[in-house]
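All heavy atoms count here, side chains included; hydrogens, waters and symmetry mates do not. Remember, predicted model here, so these are calculated numbers, not experimental data.
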Amino acid sequence: MRPDPKDVFVHATAFSTAERQAVYRAIETRRDVRDQFLPDPLPDDLVGRLLGAAHSAPSVGFMQPWNFVLVRDTGVREAAWRAFSRANDEAALMFDAERRDTYRSLKLEGIRKAPLSICVTCDPDRAGSVVLGRTHNPRMDAFSTVCAVQNLWLAARAEGVGVGWVSIFHDADIRALLGIPERIEIIAWLCLGFVDELYREPELAVKGWRQRLPLDELVFHDRWQQPDPER
């Protein structure tokens, strides 16, 4: 049922100082967790809140293309880890020798350690063949689904739950493991679990893989600019 047109708006007041600080703290301290998960199961009501946050994400044409496959079964998670491990060995060989050693030193045990995995998928047909806002960019459904991932991630940080995004696998392996149809796009495999510590800075920065770029080098005014190769 559509709401009464006279009752569709609410007053858009700014958050209180404490509320604003909490939002920015969640953004600034969010981390990609790879190995620090505790084994304690996540309560159903907590998982429900995280999924509710994800489902509140913006989506182009309000198409809401996401689905969430909750994976708690240890056998399924072990099979997913094996698929990841095979792909991870392939990925290591793509780097030069020095980088390869650093790559292999990174612990990527979230699938095994975290008590819950969520495979986030995107249904491109959710809102039909012609979608408001997707008419000229067919990737907008996938971009919308990534917004749901980010919502879940920030809500998880506020709840003391760590999240790790696993992207190193052959799509066909996960598709076969979870019975995902070909027309459905796999967006993310997320590992979730309680954590009692997080890296102060992103782990890849701490371990020397890459450092955060200066924001002022990424902000252009009025026109895109060619980055300075000397910087």
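Under the 3.5 Å distance criterion, the side-chain polar atoms of Arg134 are matched with a main-chain donor or acceptor of Pro124. Under a 3.5 Å cut-off, the side chain of Arg126 and the backbone N or O of Gln64 do form a donor-acceptor pair. In this structure a side-chain-to-backbone donor-acceptor pair under 3.5 Å is present from Arg77 to Ala114. No donor-acceptor pair under 3.5 Å is formed between the side chain of Thr121 and the backbone N or O of Ile184. With Arg31 contributing its side chain and Leu198 its backbone, the two residues share no donor-acceptor pair below 3.5 Å. Remark: the backbone N or O of Ala26 is not paired with any side-chain donor or acceptor of Arg157 at under 3.5 angstrom.
The neighbour count for Glu19 CD, taken as heavy atoms of other residues, nucleotides or ligands under 6.0 Å away, is above 12. Within 6.0 Å of the CG atom in Leu132, the count of heavy atoms belonging to other residues, nucleotides or ligands does not exceed 12. Atom CG of Asn137 has more than 12 neighbouring heavy atoms from other residues, nucleotides or ligands inside a 6.0 Å radius. Counting heavy-atom neighbours within 6.0 Å of Glu98 CD, excluding the residue itself, gives a total of 12 or less. Residue Arg25 qualifies as open at atom CZ: its count of foreign heavy atoms under 6.0 Å is 12 or below. With a 6.0 Å radius and a threshold of 12 heavy atoms from other residues, nucleotides or ligands, Phe9 has its CZ atom at or below the threshold.
Between Trp189 and the options Ile174, Val120, Val69, a side chain to side chain contact (heavy atoms under 4.5 Å, CB included) holds for only Ile174.
Ion pairing of Asp45 with Arg49 is present here, as a side-chain N (NZ or NE/NH1/NH2) and a carboxylate O approach within less than 4.0 Å. Of the charged side-chain nitrogens involved, none lies within less than 4.0 Å of a carboxylate oxygen, so that Glu201 and Lys207 do not count as a salt-bridged pair. Using a cut-off of 4.0 Å between Lys/Arg side-chain N and Asp/Glu carboxylate O, Glu78 and Arg112 are scored as salt-bridged. Salt bridge absent: Arg175 and Asp173 never bring a charged side-chain N and a carboxylate O closer than 4.0 Å.
Residues satisfying the side-chain hydrogen bond (donor to acceptor under 3.5 Å, both in side chains) criterion with Arg183, sequence neighbours excluded, are Asp123, Asp125.
Ring pair Trp209/Phe95 is perpendicular by interplanar angle, where above 60° counts as perpendicular and below 30° as parallel. Ring geometry for Trp66 against His55 counts as perpendicular: the plane angle is over 60°, on a 0 to 90° scale with 30° as the lower cut.
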